[in-house]
Amino acid sequence: MRKYLLPGLVILFSAVLLLRLFYLQIVDDSFKIKSENNAIKIKYDYPERGYIFDRNGQLLVSNQRSYDIMVIPREVKNLDTLEFCRLLNISKKDFDKKLKKAIIWSPRLPSLFMPQLTKREYAVFQEKMNRFQGFYIQKRSLRSYEVDVAANVFGYITQVNDRIIEKNPYYKSGDLIGLQGVEQTYEEQLRGIKGVKYVQRDRYNREIGPYKDGIYDTIAQQGKDLHITLDIELQKYGEALMKNKRGGIVAIEPKTGEILALVTAPSYDPALLVGRDRSKNYTKLYRDSIAKPLYDRGLLAEYVPGSTFKIMTALVGLQEGVIDENTTFFCRNGFYYGRGAFMGCHDVGSNNLNEGITKSCNTYFGNVYLRSIAKYVKSADAMNIWSDHIKSMGMGKFLGYDLPTGRKGHIPNAKFYKRYYPNGGWGGTTTVSNAIGQGEVLATPIQLANMMAVVANRGYYYTPHIIKKIEGNPIDKKFRTKHVSTIDKKHFEPVIRGLLDVFRRGTASRLQVDSLDICGKTGTAENFAKINGKKTQLTDHSIFVAFAPANDPKIAIAVFVENGYFGARIAGPIASLMIEKYVKGKVKRVDMEKRMLEYSLEPEYAKYISGQPFSINR
């Protein structure tokens, strides 16, 4: 029996191998069309990319017809190169470079030779295309923008590179792909699926009809339309208010986490990155290392949050039971702590929680922070508990929104301080600057806006997101999942009353909107730059956070203006105008509006054109 086992196995495996070869070579010839078969020409039919609409159904991004010249290098014969170059207004050197690149990609498969011909160029080339064997026109669509704002939200379309092609076999040389913004995040939905046609050719290289009667051909599937959460009118207004300023505005609908506005300043017209000049324009924007128009400050800039962070200090103090709303601390123009250390303040007198928030008293919040750290025997335990409370409100971590860029800011914990003080000796007084958002705390504008959404919701938030609806598909369930903070709901009410009084009689009293209850907090953050190798203090950053209406919040907002002086001077007016515009539908404070629209900080930025602010990119 054993002597037949080995021969039997050999015969069995040989039979299986022969059957497989028969199937592949005789029955299934689909592999022929996937190879570089000279008798089969592959033609792609590119679908129209999905349209993008705002939350109210306004069309933002559509498409326009484009014409690309494709080349199959092996089929280029008897070419009048000079006439070809003259028609397309390119040099012989450019021609050789483009053809060489196509040959490297594949001598037998189509490659993109020249993208995005104008209608005039297409008409001229089309008339004489029969003279240029090996070249043909590929029709596709490019983006057409109905608005000149929100470039950072949309992203842009560009050609795939070799790295993308190697990673994803769907893409071929010359294909387009979305980068940045919703174009990148929702690339698969927006792009659709390209159709493929296989054309049989005879020995004279003439097309004689569909291969196998078209059984392998596929029909292009148009991309899906997207409805995003932006209110485009609010976005336009925010970008107008931030003209000649640098910074970011983020507005969120608290009850859903939907992003209403995502402004970065300065920005650019998205139409600049469409057409033949796309590469030239992108290079110009990329090399602007001063204004950084491609840098999304709303998502990437990690700023010192200043006094806006006092909201967090108060909530942790209430949750830890080291204060209640009646706890009082006396201020004498500043807070004395440690061994003669001093934190300046503009207030004099006794302050409880409401007064502390309303007047933004450094003494009050310095004491609250010290009590929170001193509650536990070990400073490390106290710091970790403090840090966990703050992080539960979305600070110091990636929020998980559906845009492809961002940074997590910084909320320090015990591990962080142990690296700086390996021998111990650190505690509340060492880290007390955290209390007023001037220590090791960093936050992005979207985190500050989300922080206000947590307060507006009395203790929870939904992950901020830009997608509202995808044609035929539900949005990701993570955007419908509630995140509950570690702060009890009851502790938010006294803080909200204080934030309401900031507008009624506090640091933002001049920013009130008629018959609208706004809860807000001013912030001023110190700003340093390295100029000629020296750390130099420059004009403070202006910060403002708010939500409204107080009892039925429809918008939470954070405004950050670099070098904008104190919070109520630039950021505060912009925030209150944005809120009035969104909630009321119309702005009545025309004097304030005119002042903010015309106000320029360019002279301020010119003072340190060679410096790089420490508070950004940390």
Q.
Which label fits Phe479 and His465: parallel for a plane angle under 30°, tilted from 30 to 60°, or perpendicular past 60°?
A. parallel

Q. Between the side chain of Tyr605 and the main-chain N/O of Glu562, is any donor-acceptor distance below 3.5 Å?
A. yes

Q) Can you check ring pair (Phe, Tyr, Trp, His ring centres under 6.0 Å) on Phe547 and Phe492, steps first, answer last? A) CA-CA 13 Å; Phe547 68 86; Phe492 287 89; over 10 Å; no

Q. Between Arg569 and Tyr565, is NZ or CZ placed under 6.0 angstrom from the six-membered ring centre and within 45° of the ring axis?
A. yes

Q: Please state whether the rings of Tyr156 and Tyr282 are parallel, tilted or perpendicular, taking 30° and 60° as the class boundaries.
A: tilted

(Q) Quick one: does any side-chain atom of Asn457 pair with a main-chain N or O of Pro254 as donor and acceptor, under 3.5 Å? (A) yes

Q) Does a donor on one side chain and an acceptor on the other come within less than 3.5 Å for Glu604 and Thr539? A) yes

Q.
Checking the side chain of Ser360 only, and the main-chain atoms of Ile357 only, is there a donor and an acceptor separated by less than 3.5 Å?
A. no

(Q) Between Trp386 and Tyr369 (judged by ring centroids, cut-off 6.0 Å), do the two rings come close enough to count as a pair? (A) yes

Q: Establish, yes or no, whether a centroid distance under 6.0 Å links the rings of Tyr461 and His483.
A: yes

Q: Flag the pair Tyr286 / Tyr268 as yes when their ring centroid distance falls below 6.0 Å, and as no otherwise.
A: no

**Q.** Step-by-step salt bridge (charged side-chain N to carboxylate O under 4.0 Å, His left out) determination, Asp552 to Lys255
**A.** CA-CA 9 Å; Asp552 184 21; Lys255 294 176 182 177; 2.4 Å; yes

